[in-house]
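Here's the structure we're looking at; comments come further down.
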Amino acid sequence: MRLLVTGGAGFIGSNFIRYWLGEHRNDEIVNLDLLTYAGDRHSLADVEAADPGRYAFVLGDIGDLALTEPLLRERRPDAIVNFAAESHNSRAILDPAAFTRTNALGTQLLLDAARRTGITRFHHISTCEVYGDLALDSPDSFSEESPYRPRTPYNASKAAADLIVRAYHATFGMAVTISNCANNYGPYQHPEKVIPLFTTNALDGRPLPLYRQSQNRREWLHVDDHCRAIEAILLRGRIGETYNVGSGDERSVEQIADAVLIALAKPASLRTYVEDRPGHDRRYLLDHSKIARELGWAPRIRFEDGMRETVAWYRTHRAWWGPKKAALASALDETAWKRSTDGD
């Protein structure tokens with residue numbers, strides 16, 4: 001099988017490429033990535049060195065039809081797996097237009113390129129956040145039939161992309177599938193995200209910034225389990241269907257901070273509290289019984305084991321995250337949204 005993977009230099013995409021090429025020894029992947037701040041070609045340096053005949057990198061934007069259409073005609077992939085997205089809620093508050101351009105319009109233009117070139121199989125990676133949030137004491141979870149109620153510009157842009165993908169199936173007959181996943185963690189995740197942020201801060205003895213609503217919970221899924229779920233959907237999923245990919249393992253930000261501090265033998269005094277961002281969702285929980293029932297998928301990696309391995313990875317890969325952390329300090333002011341929403 002030949003795959004075109006978009007956004008493959010990012011966190012989940014790079015882990016997926018490494019996983020797929022390791023599991024499917026005769027397959028080939030072309031990675032199309034714009035290499036924004038969150039993309040790093042070095043995340044796949046081992047793959048480029050080991051499999052130059054099976055892996056190729058192309059620099060470009062999924063919204064550039066002048067690039068994507070000739071690329072698809074030349075490479076003729078059997079399927080497109082679309083990871084490309086802006087994904088950090090804090091940045092979306094400061095620049096909603098960038099998220100709409102990439103996540104919604106970019107997905108639509110990529111679908112157009114696929115349709116024009118006869119590439120009908122299209123798998124789209126989405127998020128649990130399109131469903132909105134749940135009360136902390138709610139017994140409910142989100143199924144694939146739950147209504148979309150996005151609460152932030154990032155969530156709304158991903159919801160729009162999902163609806164566009166579904167429309168291309170209904171209108172043009174494209175063979176699409178969608179997966180909505182829980183919060184991922186693992187190696188090669190940008191240090192703006194909470195687990196690598198806490199880990200890299202703790203390694204340097206710096207404060208761990210917790211939102212004041214620190215009991216808000218997230219469902220956590222190791223990126224390798226997510227990669228296996230995408231594999232199952234690509235190979236056995238029903239066309240036109242959406243699959244939730246979750247673990248059932250919920251943790252508050254307090255518990256995440258404590259897990260990092262314990263793993264690194266750092267003091268609890270490193271915890272500090274900052275104001276919540278606007279639209280801070282309370283809780284997400286996915287019902288993933290459909291993918292378990294239809295495709296036989298289930299998460300394998302216990303949170304405790306995955307966290308221990310993830311923290312250890314960041315401890316030994318400072319050369320990867322150090323420059324990103326330095327750039328992050330000067331590029332993203334996570335108090336700026338207060339000025340933005342106050343109209344300053």
Side-chain angles (χ1 to χ4, degrees), residues 2-17 20 28-45 47-48 55-92 94-127 153-165 167-168 172 174 176 178-179 188-190 192-193 230 324 327-328 331-332:
R2 253 190 227 101
L3 299 180
L4 175 74
V5 172
T6 67
F11 163 48
I12 305 176
S14 62
N15 278 282
F16 174 78
I17 288 172
W20 190 276
E28 301 174 6
I29 289 179
V30 174
N31 175 12
L32 173 64
D33 197 293
L34 189 57
L35 294 183
T36 63
Y37 78 96
D40 187 349
R41 194 168 172 177
H42 292 99
S43 298
L44 288 164
V47 172
E48 291 204 54
Y55 171 78
F57 176 81
V58 176
L59 177 65
D61 188 338
I62 61 169
D64 182 0
L65 273 172
L67 168 70
T68 56
E69 192 172 338
L71 178 64
L72 291 173
R73 290 191 190 281
E74 176 190 353
R75 297 288 184 166
R76 304 305 305 172
D78 299 295
I80 296 170
V81 187
N82 183 33
F83 292 92
E86 298 283 354
S87 67
H88 192 41
N89 263 307
S90 299
R91 292 180 185 268
L94 301 176
D95 189 5
F99 284 68
T100 303
R101 281 193 302 271
T102 297
N103 298 353
L105 183 58
T107 297
Q108 183 266 317
L109 289 168
L110 182 62
L111 284 160
D112 257 2
R115 187 169 66 90
R116 293 181 186 186
T117 55
I119 311 299
T120 62
R121 186 68 178 95
F122 190 101
H123 181 69
H124 179 66
I125 310 298
S126 190
T127 171
Y154 162 59
N155 303 349
S157 69
K158 291 297 290 183
D162 290 8
L163 297 177
I164 292 166
V165 172
Y168 270 63
F172 303 116
M174 290 189 66
V176 309
I178 298 172
S179 53
Y188 297 103
Q189 189 172 27
H190 193 278
E192 70 183 2
K193 297 302 179 74
I230 298 167
K324 296 174 177 57
L328 182 63
L332 180 62

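Only this structure's heavy atoms are used, side chains among them; waters, hydrogens and symmetry mates stay out.
In this structure, the side chains of Leu71 and Leu4 come closer than 4.5 Å at one or more pairs of heavy atoms.
Only one option out of Val81, Ile178, Val5 pairs with His123 in a side-chain contact (heavy atoms from CB on, under 4.5 Å); it is Val81.
Distance check: Leu32 CG to Arg75 CZ gives 11.0 Å after rounding to the nearest 0.5 Å. Remark: Ser157 OG to Leu105 CG distance equals 11.5 Å, nearest 0.5 Å. Taken to the nearest 0.5 Å, the CG atom of Leu3 stands 7.5 Å off from the CG atom of Asp78. Summarising the geometry, atom CG belonging to Asp33 is positioned 9.5 Å from atom CG belonging to Leu44; distances are rounded to the nearest 0.5 Å. Separating the CG atom in Leu67 from the CG atom in Leu109 is a distance of 12.0 Å, to the nearest 0.5 Å. Here the CG atom belonging to Asn31 is positioned 6.0 Å from the CZ atom belonging to Phe57, to the nearest 0.5 angstrom.
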Any chance you could lay out the side chain to side chain contact (heavy atoms under 4.5 Å, CB included) test for Val30 and Arg2, step after step, and finish with the verdict? CA-CA 8 Å; Val30 174; Arg2 253 190 227 101; over 6 Å; no
Check the pair Asp40 / Tyr188 against side chain to side chain contact (heavy atoms under 4.5 Å, CB included), numbers first and verdict last. CA-CA 9 Å; Asp40 187 349; Tyr188 297 103; over 6 Å; no
In sequence, state the C-alpha distance, the side-chain angles, and the governing distance for Leu111 and His124, and then conclude on side chain to side chain contact (heavy atoms under 4.5 Å, CB included). CA-CA 10 Å; Leu111 284 160; His124 179 66; over 6 Å; no
Can you check side chain to side chain contact (heavy atoms under 4.5 Å, CB included) on Phe83 and Ile17, steps first, answer last? CA-CA 11 Å; Phe83 292 92; Ile17 288 172; over 6 Å; no
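Salt-bridge formation is detected for the pair Arg41/Glu48: a Lys NZ or Arg NE/NH1/NH2 atom is positioned less than 4.0 Å from an Asp or Glu carboxylate oxygen.
Shortest non-hydrogen contact noted between Tyr37 and Glu86 is CE2-OE1, 4.2 Å. Listed here is the closest heavy atom pair of Ala160 and Ala104: CB-CB, 4.0 Å. For the pair Asn103 and Ala161, the tightest heavy-atom approach, listed with the atom from each and the gap, is O-CB, 3.1 Å. Heavy atoms only, all atoms of each residue included: Leu59 and Leu34 are closest at CD1-O, 3.5 Å. Nearest heavy atom pair, residue Ile62 against residue Thr107, reads CD1-N, 3.9 Å. In terms of heavy atoms, Ser14 sits closest to Gly10 at OG-O, 2.7 Å.
Of the possible donor and acceptor atoms, one in the side chain of Thr117 sits under 3.5 Å from a partner among the backbone N and O of Ala114. A donor-acceptor contact shorter than 3.5 Å links the side chain of Lys158 to the backbone of Ile125. Looking only at distances, a side-chain donor or acceptor of Thr100 sits under 3.5 Å from a matching main-chain atom of Pro96.
Side-chain N/O atoms of Asp112 and Tyr168 include a donor and acceptor closer than 3.5 Å.
Under the salt bridge (charged side-chain N to carboxylate O under 4.0 Å, His left out) criterion, Asp64 pairs with no residue, sequence neighbours left out. Judged as a salt bridge (charged side-chain N to carboxylate O under 4.0 Å, His left out), and not counting sequence neighbours, the contacts of Arg73 are Glu69.
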